[in-house]
Amino acid sequence: MFLNNGPKERRYNTNYEAGQDNIQILGLDIHKPVFVISALTILLFVFGTLIFPDAASDSMNTARSWVLKNLDWFFVSTANIVFLFCFIVAVSPLGRIRLGGAGARPEFSTKSWLSMLFSAGVGIGMVFYGAAEPVAYYTAWSGSPLDAEPLTNGARRLAFSATIFHWGITPWAIYAIVGLALAFFSFNKGLPLTIRSAFYPLLGERTWGWPGHVIDLLAVVATLFGLATSLGLGAKQAAGGLNFLFGIDASLNTQIILIIGITGLAVISIVRGLEGGVKLLSNINMLLAIVFLMFVIAVGPTLKIFEGFFTNATNYIADIPKLSNWLGRDDTDWFHGWTIFYWAWWISWSPFVGMFIARVSKGRTIREFMAAVLVVPVFVAIIWFTSFGVTALDQIDNSVGTLPQGITDVSLVLFQMLESLPLAQISSLVAIALLVVFFVTSSDSGSLVIGSITAGGKLHAPKVQRVFWAVLQGMVSIVLLIGGGSIALSSLQAATIAAGLPFAFILLACCVSLYRGLMAETPGK
């Protein structure tokens with residue numbers, strides 16, 4: 001399918017060009033099957049949920065229950081296989097291959113590159129769950145990992161091991177495999193930057209037909225659902241923070257106003273472009289995040305936090321085998337409600353984050369790529385969750401503030417923790433600002449990715465097209481909040497899990513396809 005007689009000849013011998021099946025309407029660059037079907041599918045789901053919220057909720061939750069009960073082993077196995085594949089590629093001679101060719105150089109500085117990776121991939125979740133997840137596991141709010149006894153040393157250990165496990169090297173491998181495959185096949189093989197391109201070694205020219213259309217359709221739908229869910233949940237947390245700061249009612253209207261405001265900021269960021277938009281916001285957010293983190297370390301139980309860095313890292317490594325195993329679990333409810341849900345959610349987000357990572361990673365070697373996408377997030381997760389988690393658990397153990405009374409709303413745990421620290425109002429305001437900017441960068445990044453997919457793989461989709469998808473993300477969240485509130489959002493979360501199932505198969509096929517492509521490439525020096 002491709003030749004090996006020089007840099008150009010190593011590219012795939014295909015006549016397909018990005019966007020060749022497109023039509024231009026009102027400034028939109030529409031790839032007919034993918035754009036039209038994905039847009040109609042999302043709108044039908046939204047209005048169906050709005051009109052029949054109870055039926056939609058029941059259907060989605062039934063599907064979620066079936067998937068969690070019958071396919072937990074498949075999700076765990078997929079995550080483990082993907083991680084092992086990434087590790088082998090990184091340490092092998094294939095790790096010397098440079099994305100874009102031997103002469104390619106990075107478009108962005110390492111600082112900006114890492115900032116964009118985190119802003120798009122985990123920023124929202126780390127702010128949302130930084131204190132909440134360790135507290136939930138320690139107190140057994142919704143079960144405890146490996147059935148540990150709540151409020152014990154064992155529960156404390158597993159609270160951090162399980163949290164870091166959910167945000168560490170295994171889930172980031174899911175992003176890494178998609179990002180690496182897209183970057184390699186686009187920058188090294190000359191294929192469009194779209195999900196289907198990663199399957200050219202398996203599908204050949206059928207990649208540009210209906211098999212490829214289906215792959216891209218699933219990518220668009222999964223991305224929209226994941227972003228809309230996060231936006232809705234994030235609006236709830238931000239509204240809770242505003243209620244704490246200014247006494248503003250954390251009502252549905254407040255949440256809708258926040259979504260409209262965040263969507264408006266995302267549109268502005270899109271119009272400014274990658275350099276003046278998401279890159280600038282990512283750098284600002286990383287600075288805010290570092291300041292926020294240092295503040296918590298300084299005013300929290302500093303010595304315990306520093307001790308926890310090493311302890312939690314050691315325990316995380318030791319507990320990975322137990323947490324990765326699905327056989328003979330006594331904590332089935334917790335395992336399904338947290339680990340399997342997380343793995344499905346990470347998988348459903350992998351088209352969005354993977355493609356965005358690919359978009360900004362040209363010029364990096366595969367080994368550099370894997371080091372950044374796999375290793376760095378583990379250290380960040382250990383530092384972040386230890387700092388916030390130790391501070392929150394220390395308040396519980398010493399009966400400080402409202403956390404010892406138990407969790408009533410997981411989205412409020414962060415603000416309950418900050419309430420018992422100095423400068424509570426200022427730090428809470430910074431937390432809200434972090435949430436908002438992370439939402440904006442995720443919406444902007446997601447629109448960049450969806451715009452590229454629905455333009456047939458063009459690297460630069462029209463801005464109006466990206467604005468369209470950003471506005472649709474906001475509309476999805478608002479309509480679901482109006483139509484069913486928490487019921488509708490629960491249905492959307494269940495749909496996200498269901499969307500992760502087909503992508504688990506896609507991830508495994510992606511490993512095979514990428515292996516074939518890499519083995520035909522001569523590693524650069």
Side-chain angles (χ1 to χ4, degrees), residues 61 64-65 67-69 72-73 75-76 79-80 125-126 128-171 233 301 304-305 307-309 311-346 378 381-382 384-414 416-417 490 493 497:
N61 284 315
R64 175 187 178 184
S65 298
V67 171
L68 292 178
K69 180 180 179 180
D72 55 353
W73 63 272
F75 279 109
V76 173
N80 293 342
M126 291 179 69
F128 192 98
Y129 288 110
E133 195 166 342
V135 169
Y137 300 163
Y138 183 57
T139 61
W141 174 66
S142 57
S144 56
L146 301 179
D147 213 20
E149 185 69 25
L151 304 175
T152 63
N153 288 332
R156 176 186 294 274
R157 167 179 174 150
L158 286 167
F160 289 103
S161 292
T163 299
I164 298 168
F165 176 64
H166 290 154
W167 296 89
I169 198 167
T170 306
L233 292 174
K304 292 181 181 179
I305 291 173
E307 291 174 347
F309 292 154
T311 301
N312 293 337
T314 304
N315 291 338
Y316 161 63
I317 295 172
D319 292 335
I320 283 180
K322 293 181 289 185
L323 293 168
S324 299
N325 178 38
W326 69 89
L327 299 173
R329 301 281 298 238
D330 294 325
D331 58 344
T332 303
D333 290 341
W334 178 89
F335 181 55
H336 287 167
W338 287 93
T339 299
I340 303 303
F341 169 72
Y342 265 128
W343 278 191
W345 209 355
W346 282 82
V378 176
I382 291 171
W384 186 274
F385 287 105
T386 296
S387 300
F388 286 83
V390 166
T391 301
L393 266 57
D394 187 68
Q395 293 179 5
I396 293 174
D397 291 339
N398 292 287
S399 299
V400 175
T402 58
L403 281 179
Q405 300 172 18
I407 299 177
T408 56
D409 187 338
V410 70
S411 67
L412 297 178
V413 171
L414 174 62
Q416 288 176 304
M417 183 202 78
S490 176
Q493 292 174 44
I497 291 179

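Every heavy atom of this structure was used, including side-chain atoms; hydrogens, water molecules and symmetry mates were not. The residues of the chain are indexed from 1 along the displayed sequence.
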Taking side chain as C-beta onward, heavy atoms only, is Phe160 less than 4.5 Å from Thr311? no
Those residues at least two apart in sequence (or on a different chain) that pass side chain to side chain donor-acceptor pair (under 3.5 Å) with Asn80 are none
Classify the angle between the aromatic ring planes of His166 and Tyr137 as parallel (below 30°), tilted (30 to 60°) or perpendicular (above 60°). perpendicular
Give me the ring orientation class for Trp167 and Tyr129: parallel if the planes are under 30° apart, tilted from 30 to 60°, perpendicular past 60°. tilted
Quick check, are the ring centers of Phe128 and Trp384 under 6.0 angstrom apart? no
Under the side chain to side chain donor-acceptor pair (under 3.5 Å) test, which residues partner Asp72, sequence neighbours left out? His336
Considering only heavy atoms from C-beta outward, does the side chain of Ile320 approach that of Tyr316 to under 4.5 Å? yes
Hey, are Trp346 and Thr170 close enough side-chain-wise for a donor-acceptor pair under 3.5 Å? no
Worked check of side chain to side chain contact (heavy atoms under 4.5 Å, CB included) between Phe335 and Val76: CA-CA 11 Å; Phe335 181 55; Val76 173; 3.6 Å; yes
Begin with the C-alpha distance, continue with both residues' side-chain angles, and end with the deciding distance and a verdict on ring-ring contact (aromatic ring centres under 6.0 Å, His included) for Tyr342 and Trp334. CA-CA 11 Å; Tyr342 265 128; Trp334 178 89; 9.2 Å; no
Check: Ser387 and Thr391 side chains under 4.5 Å, non-hydrogen atoms: no
Could you check Phe75 against Thr339 for side chain to side chain contact (heavy atoms under 4.5 Å, CB included), going step by step and ending with a plain yes or no? CA-CA 9 Å; Phe75 279 109; Thr339 299; over 6 Å; no
Under 4.5 Å between any side-chain heavy atoms of Ser144 and Leu158, yes or no? no
If you define the side chain from C-beta out and look only at heavy atoms, does anything of Asp330 sit under 4.5 Å from Leu146? no
Can you find a heavy atom in the side chain of Phe165 that is under 4.5 Å from one in the side chain of Ser324? yes
